[in-house]
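These notes concern the structure reproduced below.
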Protein chains: 2
Amino acid sequence: MSERRVSDDSRNDSPSSEGRPQGHGPKGTGTRNSFPRARSVREPRVSSQIQREVMQLILDRRLRAGAPLPTEAELMESLGVSRNSVREALKALQALDIVEIRHGYGTYVGEASLTPLVDGLTFRTLAQQGDDTGALAEILQIREVLEEGLVRRVAGTLSDAELARLEAVVERMEEAGRAGRPFPELDREFHELLYASLGNALVPQLLGAFWTVFRRVAGVRGWTDDPTPDVTVRRHRDIVIALRAGDVEGAQKAMADHFRGIEARAAQESRGVG
Amino acid sequence: MSERRVSDDSRNDSPSSEGRPQGHGPKGTGTRNSFPRARSVREPRVSSQIQREVMQLILDRRLRAGAPLPTEAELMESLGVSRNSVREALKALQALDIVEIRHGYGTYVGEASLTPLVDGLTFRTLAQQGDDTGALAEILQIREVLEEGLVRRVAGTLSDAELARLEAVVERMEEAGRAGRPFPELDREFHELLYASLGNALVPQLLGAFWTVFRRVAGVRGWTDDPTPDVTVRRHRDIVIALRAGDVEGAQKAMADHFRGIEARAAQESRGVG
DNA sequence: CCGCATTTGTACGTATGTATG
DNA sequence: GCATACATACGTACAAATGCG
């Protein structure tokens, strides 16, 4: 077990493979394995190729999320590959939420959500724990920049109905706070609702991804949830008040204050744990 | 390595040389693997479990990117699962860039980069092409909000050396523009360099991810690259000029103008293609 | 340069759990 | 409960890539 060193590999396509379309050795009596076609001349990896083919299939047929995909058997038949390769490719696509696999039922087009981003960022944050000044603070800074800019853009465009809904969420926060219950989901709902009028479907997903990473890391590290719920409620209420007044600067400042509170809490917890 | 979990109660291993046409029983009634533990009564999925175990292994041993991971054989030994399951789990982790697999060499800890986000967003954008008002505009809006907020934060903190580097990039842009060469990489370098002083490693990666998605989608759709390079150069120069003057508002406005140009071009290309 | 060992990649066969009808 | 369709998992054999002596 010596040290297998890592050197940056160039991204070339390894022109070595002679491209023999012959099937790999099936010991014994190869039954129906004698066709030389499938898989054209030179290809990097069968599994990667299948990934691309499945994605291309979805694009070509314009399949939407939830649409059924060919079964594993059909894919190995139509692509001329083994079940193993098909399964590995589908597993990779499943990790990207490009396909969804239901045991005993079938394979379907996935939502292509930001779940992979959540998984990757969570892992990366946990792995870099003792590294530098904390990957969590970086995520928080991006959330802050995003939301400060976003709240400016929705400041003038919110309808009374939307403002009322935001106030209702704050109200429920206050109830939960009085009852001593934490209200993480309400916090998420508030920020999601806040930017709904933008019509940008990616905004809530991206913010939600960062939010989820924060929650998960906090959970793994055993942080207490929101030691000062009343302050948190007030921060959110200040945002709504500024928005109702049409005060763009005030809304951005209220949002900044909100994040200042989150940062302070995160820093405190980090110190506590070491 | 250290933890070797071998069934000590192997009464008779009988190295199965040949003559057993019988199928191989899966877990439970296996030949060698006869301990009923490991994966107790009800558990979600073996492959998913392996994914978590490998991630936990990286976290527990505090392995950094590039560090070698156990071989497939070692993993199937220590986890008591088949190689197929190990490979499927590793393929999923590879898709998330949590592990890196090198054919004929070994498996290593990955960079946990935002490659999965790029892949997912690219696919999603291409898949939603005829859907609504274009997922590309949503990505562009997020980039815009982010960069407008970020440029405010670096406005006062940039050193002369950093400003000089930015000016050098603009200079190279101008040269390329005069020579009729497109300069996508210089554009990327500019925005990356601009936020280097923040010390937030996630910022350039996230912006780079959005940038790459934009480029890839544009490439697939066959867009021409930058019909007005001189205007693009001027936008970047305006940003640097404002930053040198310490003009925070001016820098943000220049950034906004820059994105207005990109949006206009994207809208035009979309119309052109239909 | 060649052969060898190690390790990942692909393939086939089979048994079993799971969901649907 | 049964039948069917499908994903899940195990085991094995061989191919291809990489590194080393």
Side-chain angles (χ1 to χ4, degrees), chain A residues 1-7 9 12-33 38-39 42-50 68-77 79-92 94 99-108, chain B residues 15-18 20-34 38-39 41-50 68-76 79-91 94 99-108:
Chain A
M1 184 83 56
S2 65
E3 179 178 342
R4 291 175 289 179
R5 227 349 134 215
V6 188
S7 61
D9 66 332
N12 66 2
D13 267 347
S14 85
S16 57
S17 66
E18 48 199 324
R20 189 180 50 200
Q22 187 59 268
H24 301 297
K27 71 273 185 183
T29 65
T31 52
R32 58 191 187 280
N33 192 16
R39 303 213 299 290
R42 66 167 159 79
E43 59 192 280
R45 291 279 173 283
V46 174
S47 186
S48 304
Q49 188 64 24
I50 298 174
L69 286 174
T71 67
E72 294 180 353
E74 289 171 333
L75 283 175
M76 54 188 283
E77 165 79 29
L79 302 178
V81 295
S82 74
R83 163 167 273 119
N84 218 332
S85 303
V86 169
R87 286 186 56 76
E88 288 177 8
L90 290 180
K91 277 287 180 183
Q94 184 189 35
V99 310
E100 182 185 351
I101 306 176
R102 297 188 213 170
H103 187 174
Y105 195 45
T107 309
Y108 300 83
Chain B
S16 75
S17 57
E18 195 157 355
R20 191 174 55 200
Q22 194 58 271
H24 312 289
K27 59 203 173 190
T29 63
T31 50
R32 0 186 302 167
N33 191 2
S34 56
R39 309 209 297 291
V41 220
R42 58 171 166 78
E43 71 183 82
R45 290 283 171 280
V46 175
S47 186
S48 304
Q49 188 64 23
I50 299 175
L69 285 173
T71 67
E72 295 178 353
E74 289 171 334
L75 283 175
M76 54 188 285
L79 301 179
V81 294
S82 73
R83 191 155 101 102
N84 253 339
S85 303
V86 169
R87 286 187 54 78
E88 287 176 11
L90 290 180
K91 274 287 181 182
Q94 184 188 35
V99 310
E100 183 184 350
I101 308 177
R102 301 191 193 179
H103 188 176
Y105 195 41
T107 309
Y108 300 83

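Reminder, nothing fancy here: chain letters follow the sequence lines and each chain counts from 1. For clarity, every value in this text was computed on a predicted model and none was experimentally measured.
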(request) Could you tell me whether the side chain of A/Leu75 reaches within less than 4.5 Å of the side chain of A/Leu90, counting heavy atoms only? (result) yes
If you measure from [atom1] on [X] to [atom2] on [Y], what distance do you get to the nearest 0.5 Å?
X       : Y       : atom1 : atom2 : result
A/Met76 : A/Arg87 : CE    : CZ    : 11.5 Å
A/Ile50 : A/Arg45 : CD1   : CZ    : 12.5 Å
B/Lys91 : A/Lys91 : NZ    : NZ    : 13.5 Å
A/Glu77 : A/Glu74 : CD    : CD    : 9.0 Å

With a cut-off of less than 4.0 Å, is there a side-chain N or O of [X] near OP1 or OP2 of [N]?
X        : N     : value
B/Thr107 : C/dT8 : yes
B/Ser47  : D/dT8 : no
A/Thr71  : D/dA5 : no

(message) Suppose we screen for side chain to side chain donor-acceptor pair (under 3.5 Å). Which residues come up paired with B/Arg83, at least two apart in sequence or across chains?
(response) B/Glu72
(message) Please enumerate all residues that pass side chain to side chain donor-acceptor pair (under 3.5 Å) together with B/Ser47, with sequence neighbours excluded.
(response) none
For the pair made of [atom1] in [X] and [atom2] in [N], what is the distance, rounded to whole Å?
X        : N      : atom1 : atom2 : value
A/Glu72  : C/dC12 : CD    : P     : 14 Å
B/Leu90  : C/dG9  : CG    : P     : 9 Å
A/Arg45  : C/dT7  : CZ    : C1'   : 12 Å
A/Arg102 : C/dG21 : CZ    : P     : 12 Å
A/Leu75  : D/dA5  : CG    : P     : 18 Å
A/Glu77  : D/dC6  : CD    : P     : 14 Å
B/Gln49  : D/dA9  : CD    : P     : 11 Å
B/Tyr105 : C/dA5  : OH    : P     : 19 Å

(request) Describe, as an angle rounded to 10 degrees, how the axis at the first end of the helix from C/dC2-D/dG21 to C/dG21-D/dC2 is tilted relative to the axis at the last end, five pairs per end. (result) 20°
Quick one: the side chain of [X] and the base of [N], do they pair up donor-acceptor inside 3.5 Å?
X        : N      : value
B/Asn84  : D/dG11 : yes
B/Arg83  : C/dG9  : yes
B/His103 : D/dA16 : yes

(message) Nearest heavy atom decides the nucleotide; on that basis, is A/Ser82 or B/Ile101 closer to the 5' end of DNA chain C?
(response) B/Ile101
(request) Assign each of A/Ile50 and B/Gly104 to its nearest nucleotide of DNA chain C by heavy atoms, then name whichever residue's nucleotide is nearer the 5' end. (result) B/Gly104
(request) Could you check whether A/Arg87 gets within reach of a base, just the sugar-phosphate, or nothing at all, counting any heavy atom under 4.0 Å? (result) base
